[in-house]
Amino acid sequence: MVKDFRPDSLLSPKQLSQVNIIKIKIDKIVYQGSGIGKFNGVKVFVPYSAPDDIVQVKVIEKKKNYWLAEIKKILEPSAIRTIPPCAYFTQCGGCDLQHIKYCFQLEIKKEFALESLDRICHLKLPPPSLNIIPSKPFHYRNKTQYPLAKNPLRIGFYKQLTHKVIDIEKCLLHPKIFDDVRQVIKERIIKVKEPIYDEIKHTGNLRHIIIRQGVNTQEILLTFVTRTNRLSEKLYKSLPKKFPQIVGIIQNINSAKTNRILGSKNQVLYGRDYYFEKILDKQFKVSGDAFFQVNTFQAENLIRKLREYIDTAERVLDLYCGV
């Protein structure tokens with residue numbers, strides 16, 4: 001059943017219960033990336049839609065006060081749409097807005113911030129006169145955490161709202177060398193038959209692979225997260241020879257039946273348990289389990305902006321700084 005989005009086309013509750021395919025206009029994007037429109041007074045959330053899209057959607061779930069739907073056909077695309085550059089977009093849960101031009105993503109994210117302050121903090125603020133300082137849209141992440149799954153072996157990221165691992169050969173968010181390291185490790189896992197962790201059965205061994213790199217130093221720190229103390233030496237032994245940027249390899253042991261990535265025990269397999277990164281005129285020593293701003297370029301912009309406001313301060317406390 002297809003209905004237009006005319007505001008005067010009111011349906012009875014019985015008719016609404018029979019509706020499953022509708023036509024709506026998307027009004028805006030809300031936090032976590034879904035577009036929102038209205039049908040017969042009901043809010044409809046549509047992932048991967050854009051403001052001003054006119055779309056035909058299939059309703060997949062009807063809640064008391066809203067519906068969830070998926071796009072069947074874009075009837076009239078929004079002017080702010082673009083072609084997502086990633087082949088895994090909509091499969092992998094890592095990105096929500098690649099289908100929207102980057103300059104408009106910034107405006108959408110500004111609205112996210114204002115709405116969150118209103119909804120959570122009850123602070124109604126006027127739209128700021130300053131624009132969001134843009135980042136590099138791609139290849140900006142200094143850290144990637146890969147979950148693993150088996151049958152067949154998959155190393156990648158979770159599908160949105162699931163723990164199903166999508167095998168990712170190439171991610172546009174982190175440095176290209178991460179893809180190269182991941183591929184070599186995958187080949188070695190297959191060769192040495194390293195048991196992959198099963199989070200349902202709590203069996204197997206290798207749970208996650210974490211790669212971190214100092215953007216301004218090029219130093220790489222590699223972490224294998226395992227369920228047991230054991231890990232085949234053939235998996236990691238010659239990696240620094242193949243990738244000289246690797247300054248340390250760590251084994252983190254997480255024996256708990258949990259979806260938390262890291263356990264409390266670390267042991268160094270090669271080199272050091274930290275890498276160095278430089279932010280403007282300061283050098284930071286970053287350990288494998290430390291919090292550090294994942295976007296080094298934007299961290300630099302943040303500090304530049306802070307310096308504009310605190311030139312006269314005698315002392316500044318960086319709370320919750322991680323390192």
Side-chain angles (χ1 to χ4, degrees), residues 5 21-39 42-63 65-121 127-128 131-141 143-147 156-166 168 170-174 259 293-295 297-298:
F5 56 92
I21 296 178
I22 59 176
K23 176 184 171 186
I24 61 171
K25 180 179 180 180
I26 301 300
D27 298 319
K28 65 176 183 176
I29 302 291
V30 294
Y31 184 64
Q32 293 186 327
S34 287
I36 184 170
K38 283 189 177 180
F39 178 79
V42 178
K43 290 181 179 179
V44 184
F45 292 87
V46 185
Y48 310 116
S49 58
D52 294 328
D53 270 347
I54 296 177
V55 288
Q56 186 185 95
V57 301
K58 180 180 180 180
V59 179
I60 56 175
E61 191 171 356
K62 293 180 180 179
K63 302 284 189 178
N65 298 317
Y66 64 92
W67 293 353
L68 305 176
E70 60 185 15
I71 295 175
K72 281 184 67 69
K73 187 177 182 181
I74 299 172
L75 303 174
E76 294 182 32
S78 166
I80 71 173
R81 270 192 171 271
T82 189
I83 297 172
C86 177
Y88 305 100
F89 184 64
T90 75
Q91 301 174 53
C92 164
C95 298
D96 298 318
L97 301 176
Q98 277 194 24
H99 61 298
I100 294 174
K101 295 174 184 176
Y102 184 66
C103 58
F104 292 101
Q105 288 186 32
L106 299 180
E107 291 302 309
I108 289 168
K109 290 173 182 179
K110 184 161 67 173
E111 287 301 312
F112 287 171
L114 291 172
E115 288 178 2
S116 295
L117 287 169
D118 182 10
R119 178 172 48 86
I120 299 169
C121 306
N131 292 320
I132 291 179
I133 299 172
S135 170
K136 287 180 63 176
F138 298 106
H139 301 298
Y140 62 84
R141 287 189 64 94
K143 174 185 177 183
T144 292
Q145 300 178 145
Y146 292 109
F157 306 112
Y158 291 126
K159 185 177 179 180
Q160 192 172 48
L161 303 177
T162 75
H163 267 215
K164 179 183 177 182
V165 177
I166 305 296
I168 304 289
K170 178 182 178 182
C171 177
L172 299 179
L173 299 190
H174 58 217
N259 59 11
Q293 290 289 343
V294 78
N295 187 333
F297 309 102
Q298 205 66 331

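These values consider heavy atoms only, across backbone and side chains, with no hydrogens, waters or symmetry-generated copies.
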message: Taking atom CD1 as the centre, does I83 end up with more than 12 heavy-atom neighbours from other residues, nucleotides or ligands that are less than 6.0 angstrom away?
response: no

- prompt: Should we count NZ of K159 as having more than 12 external heavy atoms under 6.0 Å?
  reply: no

How long is the span from the [atom1] atom in [X] to the [atom2] atom in [Y], to the nearest 0.5 Å?
X    : Y    : atom1 : atom2 : value
I100 : I80  : CD1   : CD1   : 5.0 Å
Q105 : I132 : CD    : CD1   : 10.5 Å
H99  : I71  : NE2   : CD1   : 7.0 Å
Q98  : T90  : CD    : OG1   : 10.0 Å
N65  : K43  : CG    : NZ    : 8.5 Å
Y102 : K109 : OH    : NZ    : 5.5 Å

Can you name the closest pair of heavy atoms from [X] and [Y] and give their distance?
X   : Y    : value
P47 : F45  : CD-O, 3.9 Å
C92 : I168 : CB-CD1, 4.1 Å
K38 : D27  : N-OD2, 4.3 Å
E61 : K63  : OE2-NZ, 2.9 Å
A69 : V57  : CB-CG2, 3.8 Å

Side-chain donor or acceptor of [X] paired with backbone N/O of [Y] under 3.5 Å:
X    : Y    : answer
H174 : K143 : no
Q298 : I133 : yes
K101 : A79  : yes

Side chains of [X] and [Y]: closer than 4.5 Å at any heavy-atom pair?
X    : Y    : value
F138 : L173 : yes
Q160 : Y48  : yes
I36  : K28  : yes
P51  : F104 : no
L172 : C95  : no
N131 : L106 : no
V55  : I26  : yes
I166 : Y158 : no

task: Among Y88, F89, Y146, find the residue that satisfies the ring pair (Phe, Tyr, Trp, His ring centres under 6.0 Å) test when tested with F157.
output: Y146

- request: Using the six-membered ring wherever Trp is involved, compare the ring planes of F39 and W67 and label them parallel, tilted or perpendicular (cut-offs 30° and 60°).
  value: tilted

query: With sequence neighbours left out, which residue pairs that include part of residues 68-85 fulfil the side-chain hydrogen bond (donor to acceptor under 3.5 Å, both in side chains) condition?
result: D53-R81

